Amino acid sequence: MANTIELKVPDLGGSHDVPVIEILVKVGDTVAKDQSLVTLESDKATMDVPASQGGTIVEIKVKVGDELNDGSVIALIEAEAGASASAEKPAGDKASAAAKPAAAAPAASKPATPSTTVSEAPAPAPVATSAAPKAAADSGRKADIECQLVVLGSGPGGYTAAFRGADIGLDTVLVERYAILGGVCLNVGCIPSKALLHAAAVIDEAEAIAAHGITFGKPTIDLDKLRSFKEKVVGKLTGGLAQMAKARKVRTVTGVGTFISPNEMEVQTAEGTKLIRFENAIIAAGSQSVKLPSFPWDDERVIDSTGALELRDVPKTMLVVGGGIIGLEMATVYARLGSEVTVVELADQLMPGADLDLVKPLQARIAKRYKGIHLKTKVVEAKATKAGIEVTFEGESIPETKVFDRVLVSVGRSPNGNKVGADKAGVEVTDRGFIPVDRQMRTNVKNIFAIGDLVGQPMLAHKATHEAKVAAEAAAGQKSFFDARVIPSVAYTDPEIAWVGVTEREAKEKGLKIGVGKFPWAASGRAIGIDRTEGFTKLLFDEETHRIVGAGIVGVHAGDLISELALAIEMGAEAGDIGRTVHPHPTLGESVGMAAEVYEGTITDLYIPKKK
């Protein structure tokens, strides 16, 4: 039998009349104990108020803009029989009762940001539609290894979880199928691709400087040395991981791990099967490239991103299927090394997740360098022939070339949730392979957590590392939650494209009242000095509060610049805060402050006639 319980504001540490700036739950939601309910903004910090009892929300008692004090009722929940009818904490328990600071914030006198304009990080994963699988019983076998925490997968999320777990005192085991730690990102993803992109950028800069009186000869490509450079970059990082694991006394087991019960994992190693018995587990098994069935994958001329990074040769002609971030990054590398590159994309623009205006400077630049860019076009058949991979297209823009020396298929990644024996542990997995989790990264099985690509978009290493720390801390019993408002995205193309928070397209679709401040790099002294003026910096502000809710940058080093804007959103910065922050001159970074000045109408580096 359920009973109704009031969820109240705990001790606010002396703050009074603290406004609600965001409501994080709705009627009908099932919340766990310590899950955040609302976000308040005092003169000291932005604070998430956690639920003191788990249950189902039946009524929300507050709205955005309400001012709350100690003991104010936030919501009513129905809790299971046996739960206390009062959700109040003991008066002296400030450490456990106080609202959790989410980030330092501006003074409370600033207008609160309406919840509809705050760009939340995407939900970790779609909710599973089927009932949770029945967990297998404990095997009863003697374990080869026993530990407090086992982490499955050693990518950025996995090794971060293992290291954080060890740092806070958990006896930790890290299971990795490959002999080298680091997962896809370090070994065959983010890191090696950036090493090759650096090489491509050097070639490009050497060619471009000829227009200004400095001429280098045509580059000679030594693929063996280039591969060696890439491998050394990877080796420095992966070798460092092995040393840090050893220093932290994290035991590593090389082999394929699968759950056989909620507290047991079997690992198929070179020496045979090992049984690990654990108290808590973190699944960090990542994702893999989607392999479309219309391609002859048994032919080595058809490759995914991993194959592209092997750099076996520089093909004369190359087809890139998929105009997303990974496909375009690899196209950048091969085009600069000398391949004739053709890109086909099913959507009506490259990089569909980004605003179109951010993509246009990139498309204009690469259109001059590639054989062709074909939107609203798909591959319906690809077959291996002696001459190459013969491709049949369908759509609005059919490429002239039909036979290619190599075809790179880069149409996304699929999570590995269905490949770790999760059902034996009783863990819910969606049909697509995602594992639903709560804000502590906890699955439906209380001692098993999941992070990274497995729990949903965006599939980014920097998201996984933050989730990893939360999962490890929660496994140790700490009150840690993943509450990032925004997660930045970067395409390391040339020029780079980076964005964070609400996009302009999203704002229009949702009917949000936003204003835009855009500073063209044609007016940037630094951009002019390096002859890269095609870019711009764009900031999006809530029209009522003038708080920043989104940003986009296109241009060289955009990925390095976007962090300031992610922080600005997290901190609730207003246009004036950004515009009045003194940025060094001449830098590309000062375009951030100037874009805010454009929005406020105080810019002096541009002349913008006043609206009548």
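Keep in mind that this is a model prediction, so the values were computed, not measured.
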Determine the minimum heavy-atom distance between [X] and [Y], stating which atoms define it.
X: T238; Y: L181; value: CG2-O, 3.1 Å
X: T332; Y: A200; value: O-CB, 4.1 Å
X: M441; Y: A471; value: CB-CB, 4.0 Å
X: R251; Y: C147; value: NH2-CB, 3.8 Å
X: L358; Y: A498; value: CD1-O, 4.3 Å
X: I562; Y: A551; value: CD1-O, 4.3 Å

[atom1] of [X]: more than 12 outside heavy atoms within 6.0 angstrom?
X: H466; atom1: NE2; value: no
X: K291; atom1: NZ; value: yes
X: K402; atom1: NZ; value: yes
X: K194; atom1: NZ; value: yes

State whether [X] and [Y] are salt-bridged, where the test is any N-O pair (Lys NZ or Arg NE/NH1/NH2 against Asp/Glu carboxylate O) under 4.0 Å.
X: R336; Y: E207; result: yes
X: R301; Y: D405; result: no
X: R413; Y: D304; result: no
X: E473; Y: R164; result: yes
X: D224; Y: R227; result: yes
X: E345; Y: K378; result: no
X: K538; Y: D355; result: yes
X: R365; Y: D204; result: yes
X: K249; Y: D171; result: no
X: E467; Y: K469; result: no

With a 3.5 Å distance limit and no angle check, can you tell me whether [X] reaches the backbone of [Y] through a side-chain donor-acceptor pair?
X: E564; Y: V592; answer: no
X: Y334; Y: E340; answer: no
X: R485; Y: G501; answer: no
X: T430; Y: F434; answer: yes
X: H462; Y: P488; answer: yes
X: E176; Y: G153; answer: no
X: Q457; Y: M459; answer: yes
X: N280; Y: L149; answer: no
X: T465; Y: G157; answer: no
X: S154; Y: Y159; answer: no

Side chains of [X] and [Y], heavy atoms from C-beta outward: is any pair under 4.5 Å?
X: E329; Y: S305; value: no
X: P315; Y: S339; value: yes
X: L226; Y: L311; value: yes
X: M265; Y: F278; value: yes
X: F536; Y: P361; value: yes
X: S193; Y: L309; value: yes
X: V175; Y: I276; value: yes
X: M330; Y: V320; value: no

Could you measure the distance from the [atom1] atom of [X] to the [atom2] atom of [Y]? Nearest 0.5 Å is fine.
X: L174; Y: I282; atom1: CG; atom2: CD1; answer: 10.5 Å
X: L337; Y: L223; atom1: CG; atom2: CG; answer: 7.0 Å
X: T172; Y: I168; atom1: OG1; atom2: CD1; answer: 8.0 Å
X: Y370; Y: T342; atom1: OH; atom2: OG1; answer: 11.0 Å
X: L350; Y: I325; atom1: CG; atom2: CD1; answer: 11.5 Å
X: I283; Y: I435; atom1: CD1; atom2: CD1; answer: 4.0 Å

Derivation and outcome, side-chain hydrogen bond (donor to acceptor under 3.5 Å, both in side chains), residues T273 and Q268: CA-CA 5 Å; T273 302; Q268 305 299 324; 2.7 Å; yes
Test side chain to side chain contact (heavy atoms under 4.5 Å, CB included) applied to T377 and L346, step by step: CA-CA 5 Å; T377 302; L346 183 60; over 6 Å; no
E590 pairs by side-chain hydrogen bond (donor to acceptor under 3.5 Å, both in side chains) with which of R526, H583, H585?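 Checked R526, H583, H585 against E590; only one passes side-chain hydrogen bond (donor to acceptor under 3.5 Å, both in side chains): H585.
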Decide yes or no on side chain to side chain contact (heavy atoms under 4.5 Å, CB included) for L588 and W521, but give the supporting numbers first. CA-CA 8 Å; L588 299 174; W521 285 16; 3.9 Å; yes
Working for salt bridge (Lys or Arg N to Asp or Glu O under 4.0 Å), residues R532 and D494: CA-CA 10 Å; R532 292 301 301 268; D494 184 21; 2.7 Å; yes
Pair K419-Q288, side-chain donor/acceptor within less than 3.5 Å: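 A donor-acceptor contact under 3.5 Å links the two side chains.
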Hey, mind stepping through H212 and D531 against side chain to side chain contact (heavy atoms under 4.5 Å, CB included) and telling me if it holds? CA-CA 10 Å; H212 307 295; D531 195 21; 2.8 Å; yes
Test L328 against M351 for side chain to side chain contact (heavy atoms under 4.5 Å, CB included), laying out the working first. CA-CA 9 Å; L328 291 176; M351 262 180 250; 3.6 Å; yes
Would you call the rings of F404 and F393 parallel, tilted or perpendicular, where under 30° means parallel and over 60° means perpendicular?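 It falls in the perpendicular class, over 60°.
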Passes salt bridge (Lys or Arg N to Asp or Glu O under 4.0 Å), R406 versus D313? Steps please. CA-CA 10 Å; R406 281 201 183 276; D313 58 19; 3.0 Å; yes
